[in-house]
Amino acid sequence: MDNVLSKLKEFEPDSILTSTREFTKDKSEKKVNLSIGICCNEDGGLHVFKSVLEAEKLILEKNKEKPYLLSNGSKEFSILTQKLIFGENSEYMKEKRICTIQTIGGTGAIFIILEFLRGFNIESIYVTNIPYVNHVYMLKSFGFNVKYLNYFDPELIDINYELFLNDLRNIKNNSNILLQVCCYNPCSVDIEEKYFDEIADIVLKKNHLVIFDVAYQGLGNSDLGKDVLLIRKFQERKISFTVCQSFSKNMSLYGERAGALHIVCKNKTERQLLFNNLRMIIRRFYTSPIIHTNRIVCEVLKNEKLKSQWLKDLYELSERIKNNRFLFFDKLKYYQKKYNLNYDWDVYKKQKGIFSFIPIFGNIYMKLREYHIYIIDSGRINISGITKKNVDYIAEKICLCLSEL
Ligand code: PLP
């Protein structure tokens, strides 16, 4: 082992890890960590879903054994998770065209699809700019060239649709694109519905392969279906695509690693062939997914009472985050007067999900640490970590730091 360990090189941890490490060391009672992407409750702790707690109680009563699952999970898990993405009356589900496997979180779904695609001499995969940082790490580690589509425009604090659509049109036919549809991490702006038809037209014409990454369903819109409307549009237009789904945020199951990979096939026969191929990949890496996680997700989604409780909880959580976002930017408007600043904070109110992306905060992220406020260098902050108790302190200190720029 010495032989190997002596060759280790210094490793530069990313901004989230460094910020969280500094936060942990900070002894101040005022400290607040807005760098990490977790859903917090109004007291600043991790949000817990009542429905998930109840589901866990039920499954502990019902199940004593913990056998291996099939490598893909279970049929029940596949059907229940498909319904959330593809809809209750999904044509693809009726036609039994969706190959679903339970994965180790949303990251595991991305991992399996990338490992699968690696076997097909695919050189490059596109991400939208500014990308989710782990997409880039993962693509590079699989040896793909990472290419960028124009997406977020820091001047507009929005998507630059002209550039984005032009890129989609002008890249090579059969390109592979990793795309987020709701609560985009980090930019927090999602593609507007009025562009869905045009995007579907281009994808059909150019035969692009789109891999949707859905990590925040239910946290953007109160109606879960609305958060994946672009995916439903693709289904309506008979496009084949892939979805990486995560339950880390919308069930607060981070450590349980709940996720699914869905791949739309031509028909049932092709689906079977794909299943066999994916099973071989899973076998090589971890053999089978986690049974406790399977049971929790299934119990929440199949038990009518728990499902409506979950939807209610999710609605309340997303409303709270939305209200806190408004409150936070209103407080910035208020406190900036004290420092003679004149920023337009209203442009950020349309952002969605647990984050807000405020590029200018990238200039003060180190200064904010002096006040025990931890954010990352891109200016992305976790809005769910802002509460009625800490909002004044955070907003005032941000304005103070901005005034010193
Ligand atoms: N995709 C995006 C865009 C994310 O933001 C995250 C988590 O932060 C993931 C995927 C990974 O989700 P999981 O924790 O389920 O692996």
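Numbering of ligands and ligand atoms starts at 1, following listing order. Excluded from the calculations below are hydrogen atoms, water molecules and symmetry mates; all remaining heavy atoms, backbone and side chain alike, are included.
Against a heavy-atom cut-off of under 4.0 Å, Asn185 is close to the following atoms of ligand 1: 4 (C), 5 (O). When each atom of ligand 1 is checked for a heavy atom of Ser248 under 4.0 Å away, the hits are 13 (P), 14 (O), 15 (O).
For the pair Arg380 and Phe357, the NZ or CZ position fails the cation-pi test of under 6.0 Å to the six-membered ring centre and within 45 degrees of the ring normal.
For ligand 1, one of its N or O atoms has an N or O atom of Lys249 under 3.5 Å away. Residue Gly106 places at least one N or O, backbone or side chain, under 3.5 Å from an N or O of ligand 1. By the 3.5 Å distance cut-off applied to N or O atoms, Gln180 is not counted among the residues near ligand 1.
Among all non-hydrogen protein atoms, the one lying nearest atom 11 (C) of ligand 1 is Thr107 OG1, 3.3 Å. In terms of protein heavy-atom proximity, atom 12 (O) of ligand 1 is closest to Ser246 OG, 3.6 Å. The closest protein non-hydrogen atom to atom 6 (C) of ligand 1 is Tyr132 OH, 3.3 Å.
Looking only at atom types and distance, the side chain of Glu319 has no donor-acceptor partner in the side chain of Asn323 under 3.5 Å away.
Taking 4.0 Å as the cut-off between side-chain N and carboxylate O, Asp227 and Lys352 do not count as a salt-bridged pair. At a threshold of 4.0 Å, the pair Glu88-Lys307 counts as salt-bridged, since one of the basic side-chain nitrogens sits closer than that to a carboxylate oxygen.
Ligand 1 is approached by Tyr216 to a heavy-atom distance shorter than 4.0 Å. Within the structure, ligand 1 lacks Tyr254 among the residues with a heavy atom less than 4.0 angstrom away.
Only the side chain of Asp213 comes within 4.0 Å of ligand 1, counting heavy atoms alone; its backbone N, CA, C and O stay farther away.
Aromatic ring centres of Phe120 and Phe116: separated by under 6.0 Å. The aromatic ring centroids of Phe285 and Phe111 lie less than 6.0 Å from each other. Ring centroid separation for the pair Phe241 and His262 does not come in under the 6.0 Å cut-off. The aromatic ring centroids of Tyr137 and His135 lie 6.0 Å or more from each other.
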